[in-house]
Amino acid sequence: MIKKLGFDEDTYTYLRGGKYTKPFSSDTEQVEDSIRDIISENSAVINGRNDELTALFTLINSEINNKIEENKNNAKRYSRTAEEIYNSGKVIDQNDYALIFASIARQLRIPTTCLYAMERNDLKAKVNGQKDTEILTKTFCECFYDNEWVLVDPQNGNVISNYDPNLFEVKSWNTTKEYVGYLRGFDMSNFAKNRIFGKGLTVKDMASLEKEKCKPAYFETCNKVFNKENEKVL
(Lines give C-alpha, C1' and ligand atoms only; values in the text may rest on other atoms or scores of the structure.)
Protein backbone atom coordinates (compact mmCIF):
# COMPACT_ATOMS: atom_id res chain seq x y z
CA MET A 1 0.00 0.00 0.00
CA ILE A 2 1.15 3.54 -0.71
CA LYS A 3 0.94 5.62 2.44
CA LYS A 4 -0.88 8.92 2.48
CA LEU A 5 1.53 11.82 2.60
CA GLY A 6 2.02 13.77 5.80
CA PHE A 7 3.66 17.05 6.72
CA ASP A 8 7.13 17.91 8.02
CA GLU A 9 9.30 15.08 6.65
CA ASP A 10 7.30 14.51 3.44
CA THR A 11 7.06 18.20 2.58
CA TYR A 12 10.80 18.59 3.09
CA THR A 13 11.66 15.41 1.18
CA TYR A 14 9.69 16.25 -1.95
CA LEU A 15 11.22 19.67 -2.37
CA ARG A 16 14.20 17.76 -3.72
CA GLY A 17 14.36 16.36 -7.23
CA GLY A 18 15.53 13.19 -8.89
CA LYS A 19 17.80 12.63 -11.85
CA TYR A 20 15.05 13.41 -14.37
CA THR A 21 13.51 16.36 -12.52
CA LYS A 22 16.42 18.63 -11.61
CA PRO A 23 15.48 22.33 -11.87
CA PHE A 24 16.44 23.60 -15.32
CA SER A 25 15.32 27.24 -15.41
CA SER A 26 18.06 29.68 -14.43
CA ASP A 27 15.56 32.42 -13.62
CA THR A 28 13.03 31.49 -10.94
CA GLU A 29 11.70 35.05 -10.83
CA GLN A 30 10.84 34.90 -14.52
CA VAL A 31 8.88 31.70 -13.95
CA GLU A 32 7.06 33.29 -11.02
CA ASP A 33 6.24 36.36 -13.16
CA SER A 34 4.83 34.12 -15.90
CA ILE A 35 2.66 32.30 -13.36
CA ARG A 36 1.35 35.59 -11.95
CA ASP A 37 0.58 36.88 -15.46
CA ILE A 38 -1.40 33.74 -16.30
CA ILE A 39 -3.41 34.01 -13.08
CA SER A 40 -4.14 37.67 -13.75
CA GLU A 41 -5.12 37.14 -17.39
CA ASN A 42 -7.39 34.18 -16.53
CA SER A 43 -8.96 35.46 -13.32
CA ALA A 44 -12.43 34.35 -14.44
CA VAL A 45 -11.25 30.73 -14.64
CA ILE A 46 -8.50 30.64 -12.02
CA ASN A 47 -10.40 31.74 -8.94
CA GLY A 48 -7.83 31.53 -6.16
CA ARG A 49 -7.92 27.82 -5.24
CA ASN A 50 -4.90 25.89 -6.52
CA ASP A 51 -4.23 28.90 -8.72
CA GLU A 52 -0.46 28.41 -9.04
CA LEU A 53 -0.91 24.75 -9.93
CA THR A 54 -3.50 25.54 -12.59
CA ALA A 55 -1.36 28.35 -13.97
CA LEU A 56 1.69 26.08 -14.13
CA PHE A 57 -0.30 23.54 -16.12
CA THR A 58 -1.36 26.34 -18.48
CA LEU A 59 2.21 27.60 -18.84
CA ILE A 60 3.59 24.15 -19.70
CA ASN A 61 0.91 23.50 -22.30
CA SER A 62 1.53 26.87 -23.93
CA GLU A 63 5.23 26.13 -24.43
CA ILE A 64 5.35 22.46 -25.49
CA ASN A 65 3.52 20.45 -28.15
CA ASN A 66 1.75 17.14 -27.62
CA LYS A 67 3.41 14.56 -29.89
CA ILE A 68 2.36 11.46 -27.94
CA GLU A 69 0.33 9.69 -30.62
CA GLU A 70 3.15 9.68 -33.16
CA ASN A 71 5.80 8.53 -30.66
CA LYS A 72 4.32 5.37 -29.17
CA ASN A 73 7.29 3.34 -30.41
CA ASN A 74 9.94 5.92 -29.55
CA ALA A 75 12.77 4.23 -27.62
CA LYS A 76 13.50 7.45 -25.70
CA ARG A 77 10.06 7.69 -24.12
CA TYR A 78 11.35 7.23 -20.56
CA SER A 79 14.97 8.31 -20.82
CA ARG A 80 14.67 12.09 -21.22
CA THR A 81 15.03 14.57 -18.36
CA ALA A 82 12.56 17.40 -17.73
CA GLU A 83 15.09 19.82 -19.18
CA GLU A 84 15.56 17.75 -22.34
CA ILE A 85 11.80 17.47 -22.79
CA TYR A 86 11.28 21.20 -22.29
CA ASN A 87 14.11 22.18 -24.64
CA SER A 88 12.78 19.85 -27.34
CA GLY A 89 9.44 21.66 -27.25
CA LYS A 90 7.44 18.45 -27.38
CA VAL A 91 6.19 15.63 -25.18
CA ILE A 92 6.43 12.12 -26.59
CA ASP A 93 4.80 10.36 -23.62
CA GLN A 94 2.27 11.58 -21.04
CA ASN A 95 4.93 10.94 -18.37
CA ASP A 96 6.78 13.95 -19.85
CA TYR A 97 4.10 16.32 -18.54
CA ALA A 98 4.66 15.09 -14.99
CA LEU A 99 8.44 15.45 -15.19
CA ILE A 100 8.26 19.07 -16.34
CA PHE A 101 5.50 19.88 -13.86
CA ALA A 102 7.38 18.33 -10.91
CA SER A 103 10.63 20.05 -11.83
CA ILE A 104 9.14 23.55 -12.09
CA ALA A 105 6.82 23.12 -9.08
CA ARG A 106 9.77 22.22 -6.85
CA GLN A 107 11.68 25.20 -8.19
CA LEU A 108 8.70 27.29 -7.04
CA ARG A 109 9.15 25.68 -3.57
CA ILE A 110 6.06 23.48 -3.90
CA PRO A 111 6.80 19.96 -2.57
CA THR A 112 5.88 17.60 -5.42
CA THR A 113 5.98 13.84 -6.01
CA CYS A 114 5.56 11.68 -9.09
CA LEU A 115 2.83 9.09 -8.49
CA TYR A 116 2.77 6.19 -10.95
CA ALA A 117 -0.63 4.61 -11.51
CA MET A 118 -2.64 2.40 -13.84
CA GLU A 119 -6.26 2.69 -14.83
CA ARG A 120 -8.04 -0.02 -12.84
CA ASN A 121 -9.30 -1.98 -15.86
CA ASP A 122 -5.85 -1.88 -17.46
CA LEU A 123 -4.34 -3.15 -14.22
CA LYS A 124 -6.74 -6.10 -14.23
CA ALA A 125 -5.88 -6.85 -17.87
CA LYS A 126 -2.15 -6.71 -17.10
CA VAL A 127 -2.50 -9.16 -14.20
CA ASN A 128 -4.55 -11.53 -16.38
CA GLY A 129 -1.84 -11.55 -19.04
CA GLN A 130 -3.67 -9.28 -21.47
CA LYS A 131 -2.00 -6.11 -22.80
CA ASP A 132 1.24 -7.68 -21.60
CA THR A 133 3.39 -5.87 -24.15
CA GLU A 134 1.81 -2.44 -23.58
CA ILE A 135 3.01 0.17 -21.09
CA LEU A 136 -0.09 1.33 -19.26
CA THR A 137 1.24 3.66 -16.57
CA LYS A 138 -0.04 7.22 -16.24
CA THR A 139 2.01 9.61 -14.12
CA PHE A 140 0.36 11.99 -11.70
CA CYS A 141 1.90 14.50 -9.29
CA GLU A 142 1.08 15.13 -5.65
CA CYS A 143 1.65 18.70 -4.45
CA PHE A 144 1.64 20.19 -0.99
CA TYR A 145 -0.29 23.38 -1.64
CA ASP A 146 -2.41 25.60 0.65
CA ASN A 147 -1.54 23.35 3.61
CA GLU A 148 -2.78 20.12 2.07
CA TRP A 149 -1.59 17.43 -0.33
CA VAL A 150 -3.53 17.47 -3.59
CA LEU A 151 -3.36 15.18 -6.61
CA VAL A 152 -2.56 16.78 -9.97
CA ASP A 153 -3.02 15.39 -13.46
CA PRO A 154 -0.38 17.47 -15.30
CA GLN A 155 -1.58 16.29 -18.70
CA ASN A 156 -5.19 17.43 -18.31
CA GLY A 157 -4.95 20.04 -15.55
CA ASN A 158 -7.13 18.32 -12.94
CA VAL A 159 -6.48 19.06 -9.24
CA ILE A 160 -8.08 16.68 -6.73
CA SER A 161 -8.31 17.08 -2.95
CA ASN A 162 -8.98 14.36 -0.36
CA TYR A 163 -7.71 11.54 -2.54
CA ASP A 164 -6.45 8.06 -1.70
CA PRO A 165 -3.19 7.36 -3.61
CA ASN A 166 -4.05 3.65 -3.78
CA LEU A 167 -7.39 4.12 -5.57
CA PHE A 168 -8.72 7.41 -6.90
CA GLU A 169 -11.10 8.78 -9.52
CA VAL A 170 -10.13 11.25 -12.23
CA LYS A 171 -12.69 13.07 -14.36
CA SER A 172 -11.74 14.04 -17.90
CA TRP A 173 -14.30 15.58 -20.22
CA ASN A 174 -17.39 13.36 -19.87
CA THR A 175 -15.63 10.30 -18.47
CA THR A 176 -14.54 9.22 -15.01
CA LYS A 177 -11.76 6.67 -14.59
CA GLU A 178 -10.43 4.86 -11.54
CA TYR A 179 -6.67 4.71 -11.10
CA VAL A 180 -4.54 2.55 -8.83
CA GLY A 181 -1.29 4.05 -7.58
CA TYR A 182 1.56 1.56 -7.42
CA LEU A 183 4.73 3.62 -6.91
CA ARG A 184 5.79 7.04 -5.66
CA GLY A 185 9.11 8.87 -6.03
CA PHE A 186 10.91 12.02 -7.15
CA ASP A 187 10.72 10.57 -10.65
CA MET A 188 11.21 7.18 -12.27
CA SER A 189 15.01 7.37 -11.99
CA ASN A 190 14.58 6.10 -8.41
CA PHE A 191 13.62 2.73 -9.82
CA ALA A 192 15.70 2.34 -13.00
CA LYS A 193 17.96 -0.67 -12.51
CA ASN A 194 20.70 0.82 -14.69
CA ARG A 195 20.66 4.30 -13.11
CA ILE A 196 23.97 3.56 -11.33
CA PHE A 197 25.70 3.62 -14.72
CA GLY A 198 24.25 7.01 -15.59
CA LYS A 199 21.80 5.68 -18.17
CA GLY A 200 18.17 6.61 -18.50
CA LEU A 201 15.16 4.41 -17.98
CA THR A 202 14.48 2.23 -21.01
CA VAL A 203 11.12 1.07 -22.33
CA LYS A 204 12.12 -2.45 -21.28
CA ASP A 205 12.82 -1.20 -17.74
CA MET A 206 9.39 0.39 -17.60
CA ALA A 207 7.64 -2.74 -18.84
CA SER A 208 9.48 -4.87 -16.26
CA LEU A 209 8.60 -2.48 -13.46
CA GLU A 210 4.92 -2.52 -14.38
CA LYS A 211 4.88 -6.30 -14.43
CA GLU A 212 6.61 -6.47 -11.05
CA LYS A 213 4.36 -3.96 -9.30
CA CYS A 214 0.94 -4.52 -10.87
CA LYS A 215 0.01 -7.80 -9.18
CA PRO A 216 0.30 -6.68 -5.52
CA ALA A 217 -1.33 -3.34 -6.37
CA TYR A 218 -4.22 -5.14 -8.06
CA PHE A 219 -4.98 -7.47 -5.16
CA GLU A 220 -4.68 -4.67 -2.62
CA THR A 221 -7.18 -2.69 -4.67
CA CYS A 222 -9.55 -5.66 -4.93
CA ASN A 223 -9.57 -5.94 -1.15
CA LYS A 224 -10.15 -2.20 -0.78
CA VAL A 225 -13.09 -2.21 -3.22
CA PHE A 226 -14.52 -5.34 -1.56
CA ASN A 227 -14.40 -3.67 1.86
CA LYS A 228 -16.06 -0.55 0.48
CA GLU A 229 -18.89 -2.61 -0.97
CA ASN A 230 -19.37 -4.36 2.37
CA GLU A 231 -19.54 -0.99 4.10
CA LYS A 232 -22.30 0.09 1.70
CA VAL A 233 -24.28 -3.08 2.41
CA LEU A 234 -24.00 -2.56 6.16
Side-chain angles (χ1 to χ4, degrees), residues 2 18-21 60-61 64-86 88 90-103 112-142 151-158 165-170 172-173 175-222:
I2 298 178
K19 174 185 171 183
Y20 294 167
T21 49
I60 291 170
N61 276 270
I64 59 174
N65 296 312
N66 186 329
K67 299 293 183 180
I68 294 175
E69 286 301 317
E70 62 197 66
N71 282 279
K72 289 185 176 180
N73 297 317
N74 194 317
K76 294 184 177 180
R77 280 172 63 189
Y78 305 103
S79 64
R80 299 191 303 164
T81 66
E83 182 174 12
E84 290 169 337
I85 297 164
Y86 188 84
S88 76
K90 60 185 179 182
V91 296
I92 61 175
D93 185 85
Q94 63 80 29
N95 174 66
D96 292 351
Y97 285 107
L99 294 184
I100 295 176
F101 188 95
S103 177
T112 303
T113 79
C114 286
L115 179 67
Y116 300 92
M118 280 193 224
E119 198 271 317
R120 191 176 163 211
N121 290 331
D122 284 342
L123 186 66
K124 181 179 180 181
K126 177 75 80 169
V127 170
N128 291 336
Q130 302 162 344
K131 298 187 176 182
D132 205 36
T133 59
E134 296 180 49
I135 295 178
L136 306 171
T137 295
K138 179 176 174 65
T139 313
F140 296 87
C141 289
E142 298 164 292
L151 183 74
V152 179
D153 178 355
Q155 183 178 5
N156 299 309
N158 296 321
N166 297 285
L167 181 63
F168 52 89
E169 289 186 349
V170 176
S172 179
W173 300 103
T175 63
T176 299
K177 293 184 178 181
E178 284 188 309
Y179 286 90
V180 178
Y182 70 82
L183 210 56
R184 172 192 285 138
F186 301 120
D187 53 47
M188 197 56 89
S189 65
N190 298 57
F191 316 106
K193 292 180 181 178
N194 59 11
R195 69 186 184 279
I196 297 173
F197 305 104
K199 298 177 183 178
L201 188 72
T202 66
V203 174
K204 186 177 180 180
D205 288 333
M206 190 67 186
S208 297
L209 192 67
E210 278 192 347
K211 197 168 185 178
E212 175 190 344
K213 297 293 183 181
C214 70
K215 184 171 276 189
Y218 174 68
F219 287 113
E220 286 170 0
T221 303
C222 284

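The minimum heavy-atom distance linking K19 with D187 is given by the pair N-OD2, 3.4 Å. The shortest non-hydrogen separation linking G18 to F186 is N-CB, 3.5 Å. Nearest heavy-atom pair, I100 versus I64, reported as atom, atom and distance to 0.1 Å: CD1-CD1, 3.8 Å. I2 approaches P165 most closely through the heavy-atom pair O-CG, 3.8 Å. The minimum heavy-atom distance between A75 and V203, with the atom names listed, is O-CG2, 3.9 Å. Of all non-hydrogen atoms in A102 and T21, the two that sit nearest each other are CB-CG2, 4.2 Å.
Listed for the N71 side chain is a donor-acceptor partner under 3.5 Å among the backbone atoms of K67. Between the E119 side chain and the N121 main chain, a donor and an acceptor come within less than 3.5 Å of each other. Proximity of a side-chain donor or acceptor of N65 to a complementary backbone N or O of K90 within less than 3.5 Å is not detected. Side chain of Q155 to main chain of N95: no donor-acceptor pair is present (N/O by atom type, distance under 3.5 Å, no hydrogens or angles). Using modelled atom types, no side-chain atom of N156 and backbone atom of N158 make a donor-acceptor pair closer than 3.5 Å. The main-chain N or O of T137 is found under 3.5 Å from a side-chain atom of E210 such that the two form a donor-acceptor pair.
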*Working for side-chain contact (heavy atoms from CB on, under 4.5 Å), residues Y97 and N61*: CA-CA 9 Å; Y97 285 107; N61 276 270; 3.7 Å; yes

*Using the side-chain contact (heavy atoms from CB on, under 4.5 Å) rule, take Y182 and T221 through it: C-alpha gap first, then chi angles, then the decisive distance, then the call.*
CA-CA 10 Å; Y182 70 82; T221 303; over 6 Å; no

*Start with the C-alpha distance between I68 and V91, add both sets of side-chain angles, then the distance that settles side-chain contact (heavy atoms from CB on, under 4.5 Å), and finish with yes or no.*
CA-CA 6 Å; I68 294 175; V91 296; 4.1 Å; yes

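For the salt bridge (Lys or Arg N to Asp or Glu O under 4.0 Å) test, residues two or more places apart in sequence or in another chain that qualify with D93 are R77. Applying the salt bridge (Lys or Arg N to Asp or Glu O under 4.0 Å) test to K177 and every residue at least two apart in sequence or in another chain returns nothing. Legend: residues meeting side-chain contact (heavy atoms from CB on, under 4.5 Å) with A117, ordered by chain and number and at least two apart, are F140, F168, Y179. Looking at residues two or more places apart in sequence or on another chain, you find a salt bridge (Lys or Arg N to Asp or Glu O under 4.0 Å) between E69 and K72. For K138, the salt bridge (Lys or Arg N to Asp or Glu O under 4.0 Å) partners two or more places apart in sequence, or in a different chain, are D153. Looking at residues two or more places apart in sequence or on another chain, you find no side-chain hydrogen bond (donor to acceptor under 3.5 Å, both in side chains) involving S103.
Rounding to the nearest 0.5 Å places CG of L151 at 8.0 Å from OG1 of T113. Atom CG of D96 and atom OH of Y20 lie 11.0 Å apart (nearest 0.5 Å). Rounded to the nearest 0.5 Å, atoms CD (Q130) and CG (D122) are 10.5 Å apart. In this structure, CD1 on I135 lies 9.5 Å from CE on M118, to the nearest 0.5 angstrom. Distance check: K215 NZ to L123 CG gives 11.5 Å after rounding to the nearest 0.5 Å. Atoms OH and CE, from Y116 and M188 in turn, are 4.5 Å apart once rounded to the nearest 0.5 Å.
Neither side chain, D205 nor S208, offers a donor N or O lying under 3.5 Å from an acceptor on the other.
E142 and R184 are joined by a salt bridge, as a carboxylate oxygen and a charged side-chain nitrogen come within less than 4.0 angstrom of each other.
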